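Below is one structure, written out as structure tokens; the observations come after it.
What you are looking at is a predicted structure, and each value in this text was computed from that prediction instead of being measured.
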Amino acid sequence: MMNRFRDRTEAGQLLAAQLRAYEERPDVLVLALPRGGVPVAYEVANALHAPLDVLIVRKLGVPGQEELAMGAIASGGVRVLNNDVVQLLGVPDDVIDMVAAREQQELERRERLYRGDRSIYDIRGRTIILIDDGIATGATMHAAVAVLRQQQPARIVIAVPVAASSTCDEFAAEVDEFVCIRRPEAFYAVGFWYENFSPTTDEEVRALLEQSRQEQSGTPQKRRRTTAAGNHEKRASTSMPTQRKSQPSNKSSSTIRSFC
């Protein structure tokens with residue numbers, strides 16, 4: 001039985017130890033999938049001295065089958081579609097636009113909540129380290145990678161504390177580098193691998209993003225913690241990073257792309 005992470009803070013510190021090759025690099029941007037990915041990503045960004053932001057992804061569910069994704073939208077006005085689902089079900093453009101408009105409202109609400117008046121970082125040509133607290137089905141992460149590709153980063157690195165072994169193999173073939181600490185054959189659920197998996201609050205997301213911004217600007221403030229975060233510091237003992245070179249996309253943000 002593999003050891004569990006104490007909490008997302010410890011998981012982030014262990015993950016950061018596996019990403020030291022990206023320390024002090026000016027092209028690196030750490031992006032977190034909120035909400036649970038933010039405490040993990042904060043530790044990574046802090047250790048690498050890299051800027052931190054959130055990548056807010058909203059799934060576009062098929063009407064009446066909302067659990068089935070026909071596409072996704074993300075920060076920066078990016079929209080991608082699962083062409084197979086759209087064609088198989090014959091979803092018309094006006095229905096896609098209707099669902100996208102509804103999800104865009106929620107995306108903008110979250111952006112205002114988390115980012116405030118701060119502008120979105122430019123992704124083009126940068127090395128992106130995309131972080132969540134774990135990968136279960138992988139649907140959200142697939143969508144996140146798809147929307148990142150539309151913005152033409154130089155390199156995409158997925159880094160997570162835990163994911164099923166089969167999921168790791170899947171994503172390792174999709175991005176430039178995949179880093180994962182725990183790769184259990186019997187996965188169960190992301191929360192199973194944490195002793196403390198209490199929900200990450202909106203307030204914690206805002207606080208950690210602001211703290212990271214202050215640290216990047218050279219005026220660090222006293223570090224704030226919530227009940228979901230602790231003061232644990234341990235060195236990583238295991239990792240099995242897998243690398244695979246992929247080609248940057250030259251397609252525009254309006255290009256339809258399958259992501260599932």
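Looking at every heavy atom in both residues, V85 comes nearest to A69 through CG2-O, 3.7 Å. Among all heavy-atom pairs drawn from Y22 and L48, the shortest one is CB-CD1, 4.1 Å.
Remark: D93 CG is loosely packed, at most 12 non-hydrogen atoms of other residues, nucleotides or ligands lying under 6.0 Å away.
A salt bridge is absent between E106 and R102; no separation between the charged side-chain nitrogens and carboxylate oxygens falls under 4.0 Å. Salt bridge annotation for D97-R79: present, with a cationic side-chain nitrogen under 4.0 angstrom from a carboxylate oxygen. The pair R115-D53 meets the salt-bridge criterion, with a side-chain N (NZ, NE, NH1 or NH2) lying under 4.0 Å from an Asp/Glu carboxylate O. Salt bridge annotation for E103-K59: absent, with no cationic side-chain nitrogen under 4.0 angstrom from a carboxylate oxygen. Under 4.0 Å is where a charged nitrogen must lie from a carboxylate oxygen, and between D133 and R8 at least one such pair does.
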CA sep, side-chain torsions, deciding dist, call: Q151, R124, side-chain hydrogen bond (donor to acceptor under 3.5 Å, both in side chains)
CA-CA 6 Å; Q151 300 174 76; R124 185 184 298 268; over 6 Å; no
Given T127 and R25, is the side-chain hydrogen bond (donor to acceptor under 3.5 Å, both in side chains) satisfied, shown in steps?
CA-CA 9 Å; T127 293; R25 281 181 41 173; 3.2 Å; yes
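Between Q150 and V80 the shortest side-chain heavy-atom distance falls below 4.5 Å. The closest side-chain heavy-atom distance from V38 to V54 is below 4.5 Å. Between P34 and R110 the shortest side-chain heavy-atom distance does not fall below 4.5 Å. In this structure the side chain of I96 reaches within 4.5 angstrom of the side chain of V86, judged on heavy atoms. Proximity of I120 to E111: side-chain heavy atoms (C-beta onward) are separated by under 4.5 Å at one or more points. With a 4.5 Å cut-off on side-chain heavy atoms, M141 and V160 count as touching. L31 is not listed as a side-chain neighbour of I131, based on a closest heavy-atom distance of 4.5 Å or more. With contacts defined as side-chain heavy-atom distances shorter than 4.5 Å, the pair M70/P63 qualifies.
Both L60 and V95 belong to a single network of hydrophobic side chains, linked directly or stepwise wherever heavy atoms of I, L, V, M, F, W or Y lie under 4.5 Å apart. Put simply, Y121 and V57 are part of the same group of oily side chains (I, L, V, M, F, W, Y) that touch within less than 4.5 Å, one to the next.
To the nearest 0.5 Å, atoms CD1 (I129) and CZ (R155) are separated by 9.5 Å. Distance check, rounded to the nearest 0.5 Å: CD of Q13 to CD of E43 gives 4.5 Å. A distance of 4.5 Å separates CD1 in I181 from CZ in F5, rounded to the nearest 0.5 Å. Atom CG in L107 sits 5.0 Å away from atom CD in Q104 (nearest 0.5 Å). Atom CE of residue M98 and atom CG of residue D94 lie 7.5 Å apart, to the nearest 0.5 angstrom. To the nearest 0.5 angstrom, T140 atom OG1 is 9.5 Å from R58 atom CZ.
Inspection of the H49 and E215 side chains reveals no N or O donor paired with an N or O acceptor under 3.5 Å.
The cationic atom of R206 (NZ for Lys, CZ for Arg) does not lie both less than 6.0 Å from the six-membered ring centre of Y114 and within 45° of the ring axis. A cation-pi arrangement is absent between R6 and Y194, since the terminal nitrogen or guanidinium carbon is not both under 6.0 Å from the aromatic centre and inside a 45° cone about the axis.
With S217 contributing its side chain and Q214 its backbone, the two residues share a donor-acceptor pair below 3.5 Å. Proximity of a side-chain donor or acceptor of R182 to a complementary backbone N or O of N3 within less than 3.5 Å is detected. Looking only at distances, no side-chain donor or acceptor of R213 sits under 3.5 Å from a matching main-chain atom of L208. Without hydrogens or angle criteria, D7 side chain to E10 main chain gives a donor-acceptor distance under 3.5 Å. Between the side chain of Q216 and the backbone N or O of A50 there is at least one donor-acceptor pair closer than 3.5 Å. Counting only distance, with no hydrogens or angles, the side chain of W193 and the backbone of F187 share a donor-acceptor pair below 3.5 Å.
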